[in-house]
Amino acid sequence: MERQEGYAFDVESVRADFPILDRRVGGDPTTPGEGPEDDTPLVYLDNAATTHTPDPVVDAIADYYRGYNANVHRGIHQLSQEASVAYEEAHDRVAEFIGADGREEIVFTKNTTEAENLVAHAWGLRELGPEDSVVLTEMEHHSSLVTWQQVGKRTGADVRFIAVEEDGTLDMDHAAECIDDSTAMVSAVHVSNALGTINPIRELADLAHDHGAYLFADGAQSVPTRPVDVGDLGADFLAFSAHKMCGPTGIGALYGRTELLDAMDPFLYGGDMIRRVTYEESTWEDLPWKFEAGTPSIAQGIAFAAAVDYVDDIGMEHVRAHEDLLAAYAHDRLSEFDDVTVYGPPGDRRGGLVSFNVDGVHAHDLSSILNDFGVAIRAGDHCTQPLHDKLGAAASARASFYVYNTVEEVDALIDAVDEARELFA
């Protein structure tokens with residue numbers, strides 16, 4: 001894409017693909033855009049929760065339903081054949097995007113959470129025992145923390161946590177202590193959804209492999225925002241979601257090395273994941289289909305590939321540069337306020353989000369005030385309650401950025417925060 005002055009690509013051209021960014025807000029949410037109070041331009045800074053969906057991805061969904069809507073792997077007729085080819089090729093496209101060896105290593109799931117659960121249950125319940133340990137980080141999302149915590153309770157495996165330093169980075173000396181010969185799995189978030197910290201996944205993978213353990217990388221915040229290659233990461237498993245990278249909701253991906261997925265039992269049972277069934281026994285379909293029971297999210301899977309095409313056309317190096325620019329700028333501007341606490345490392349060492357609190361203002365109240373200015377952010381514990389307990393914060397406000405956001409929108413955030421500070425002064 002053409003470079004726009006100050007940015008790595010033409011942001012205005014990208015914004016034109018997202019009609020929702022033209023929304024005016026402020027009125028009755030039951031009648032969006034219809035009342036006279038809907039007069040405030042939307043500044044959408046909640047991208048770590050969900051990004052918006054561009055017209056080419058919406059078109060991919062509409063094209064499926066309008067042109068070749070049929071179930072996959074079930075029919076000989078032409079529509080079913082067309083749908084099956086498009087759905088299978090979507091696996092190929094996602095595999096190519098993250099450097100996997102082929103569709104056999106890509107399982108489509110509902111989201112990152114389901115991918116975590118798939119491995120924890122299909123691999124963990126069979127492989128873990130009281131003599132084993134699972135190592136996480138203190139900044140894990142609940143989708144990882146709660147899942148491995150509960151599997152640990154069922155298997156007797158010890159669940160350990162690598163400490164987070166005061167600057168929001170991992171204590172790698174502590175990591176070397178936690179990961180030992182008892183460790184069977186290390187599960188670590190690549191980019192923290194609360195702190196923005198970019199974790200050294202390759203270093204963690206090397207530690208895990210030195211002790212015969214596997215590495216599961218939570219890529220929910222990294223795959224959408226920067227180039228990710230599973231080979232470079234050294235990851236044995238990687239999970240991410242389409243709705244955080246311009247895709248539809250209800251679809252995500254689990255990458256797993258072929259030999260590991262091949263050895264695992266299915267997570268769900270039913271149609272399409274079986275090869276042969278008798279009243280006594282069943283055998284399973286080849287990868288990845290043995291993990292995709294029942295009618296899958298066909299339209300979403302096809303649109304997932306369209307979303308990959310969209311961000312790839314921008315260029316993932318450009319996406320990363322844009323995220324870095326906005327995060328560093330927001331971090332620096334927020335840090336100018338002496339009554340604002342910004343969490344995590346400096347802007348040049350984080351992904352495209354900034355979590356913060358204003359002294360004397362609850363994050364929920366702050367979010368409500370910012371909403372009056374059309375600025376949409378996330379407020380809460382961001383599914384990291386134990387981390388927030390460690391930070392001594394019940395909640396935090398989080399602004400997160402994507403390819404269609406601008407420096408001017410960061411300025412709008414800062415102005416709205418300043419207004420909130422004055423209101424509570």
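When atom types are taken as modelled, the side chain of Asn199 and the backbone of Ile201 share no donor-acceptor pair closer than 3.5 angstrom. Using a distance-only test at 3.5 Å, with no hydrogens or angles considered, no donor-acceptor pair links the side chain of Ser192 to the main chain of Thr197. Checking side-chain atoms of Gln221 against main-chain N and O of Ala48 turns up a donor-acceptor pair under 3.5 Å. Between the side chain of His91 and the backbone N or O of Gly102 there is no donor-acceptor pair closer than 3.5 Å. Checked by atom type and distance alone, the side chain of Asn117 pairs as donor or acceptor with a backbone atom of Thr113 at under 3.5 Å. One N or O on the side chain of Thr183 and one on the backbone of Asp180 form a donor-acceptor pair closer than 3.5 Å.
In this structure, the side chains of Val308 and Glu96 stay at 4.5 Å or more apart for every pair of heavy atoms. With contacts defined as side-chain heavy-atom distances shorter than 4.5 Å, the pair Val403/Val11 does not qualify. The closest side-chain heavy-atom distance from Leu254 to Phe216 is below 4.5 Å. Within the 4.5 Å cutoff, the side chain of Phe401 has heavy atoms near those of the Leu45 side chain. Between Tyr402 and His322, every side-chain heavy-atom pair lies at or beyond the 4.5 Å cut-off. Here the side chains of Ile98 and Ile106 are in contact, with some heavy-atom distance below 4.5 Å.
No hydrogens or angles considered: a donor-acceptor pair under 3.5 Å links the side chains of Thr112 and Ser241. Using modelled atom types and a 3.5 Å distance limit, the side chains of Asn47 and Tyr404 yield a donor-acceptor pair. No side-chain N or O of Glu292 forms a donor-acceptor pair with one of His73 less than 3.5 Å apart.
In this structure Asp92 satisfies the salt bridge (charged side-chain N to carboxylate O under 4.0 Å, His left out) test together with Arg103, sequence neighbours excluded. In this structure, the side chain to side chain contact (heavy atoms under 4.5 Å, CB included) partners of Ala306, at least two apart in sequence or on a different chain, are Val57, Ala60. In this structure Thr384 satisfies the side chain to side chain contact (heavy atoms under 4.5 Å, CB included) test together with Asn193, Ala194, His382, Leu387, His388, sequence neighbours excluded. Not a single salt bridge (charged side-chain N to carboxylate O under 4.0 Å, His left out) links Arg378 to another residue, sequence neighbours left out. Pro346 meets the side chain to side chain contact (heavy atoms under 4.5 Å, CB included) test with His331, Asp348, Arg349; sequence neighbours excluded.
Between Phe291 and Trp284, a ring centre-to-centre spacing not shorter than 6.0 Å is recorded.
Contacts classified as ring pair (Phe, Tyr, Trp, His ring centres under 6.0 Å) and involving residues 144-198 (residues at least two apart or in different chains) are not found. Applying the salt bridge (charged side-chain N to carboxylate O under 4.0 Å, His left out) test to pairs two or more places apart or on separate chains, those with a residue in residues 111-130 are Lys110-Glu114, Arg126-Asp265. The stretch residues 338-369 participates, sequence neighbours left out, in these ring pair (Phe, Tyr, Trp, His ring centres under 6.0 Å) pairs: His362-His364. Pairs engaging residues 323-343 under the salt bridge (charged side-chain N to carboxylate O under 4.0 Å, His left out) rule: Arg333-Glu336, Arg333-Asp411, Asp339-Arg421 [sequence neighbours left out]. Within the structure, the salt bridge (charged side-chain N to carboxylate O under 4.0 Å, His left out) test picks out the following pairs touching residues 131-154 (sequence neighbours left out): Glu138-Lys390.
Interatomic distance, CG of Asp218 versus CE of Met139, reported as 12.0 Å (0.5 Å rounding). Note that CG of Leu170 and CG of Leu204 are 6.0 Å apart. Values are rounded to the nearest 0.5 Å. Atom-to-atom distance recorded for Asn405:CG and Ser400:OG is 8.0 Å, nearest 0.5 angstrom. Between atom CZ of residue Phe304 and atom CZ of residue Phe97 there is a gap of 8.5 Å, rounded to the nearest 0.5 Å.
In plain terms, the two heavy atoms of Ala379 and Ala363 that are nearest each other are CB-O, 3.4 Å. Closest heavy-atom contact between Gly351 and Ala327: O-CB, 3.4 Å. The two residues Ala157 and Leu128 come nearest to each other via the heavy atoms CB-CB, 4.2 Å. In this structure, Cys383 and Asp381 approach most closely via the heavy-atom pair N-OD1, 2.9 Å.
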Identify each donor-acceptor pair in which a side-chain atom of residues 230-240 lies under 3.5 Å from a protein atom, sequence neighbours left out, and give them as a table.
| unit_1 | atom_1 | unit_2 | atom_2 | d |
| --- | --- | --- | --- | --- |
| Asp236 | OD1 | Arg257 | NE | 2.8 |
| Asp236 | OD1 | Arg257 | NH2 | 2.9 |
| Asp236 | OD2 | His209 | NE2 | 2.8 |
| Asp236 | OD2 | Leu215 | N | 2.7 |

Table please: side-chain donor-acceptor pairs of residues 294-303 below 3.5 Å, with sequence neighbours left out.
| unit_1 | atom_1 | unit_2 | atom_2 | d |
| --- | --- | --- | --- | --- |
| Thr295 | OG1 | Asn71 | ND2 | 2.9 |

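Taking the six-membered ring where tryptophan is involved, the planes of Tyr310 and Phe18 are perpendicular, since the angle between them exceeds 60° and thus also 30°. Under the 30°/60° scheme for interplanar angles, the aromatic rings of His52 and Tyr44 are found to be tilted.
Under the 4.0 Å criterion applied to side-chain N and carboxylate O atoms, Arg275 and Asp286 are assigned as salt-bridge partners.
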Do Tyr7 and Val407 pass the side-chain contact (heavy atoms from CB on, under 4.5 Å) test, and can you show the C-alpha distance, the side-chain angles, and the key distance before you say yes or no? CA-CA 10 Å; Tyr7 298 118; Val407 168; 3.7 Å; yes
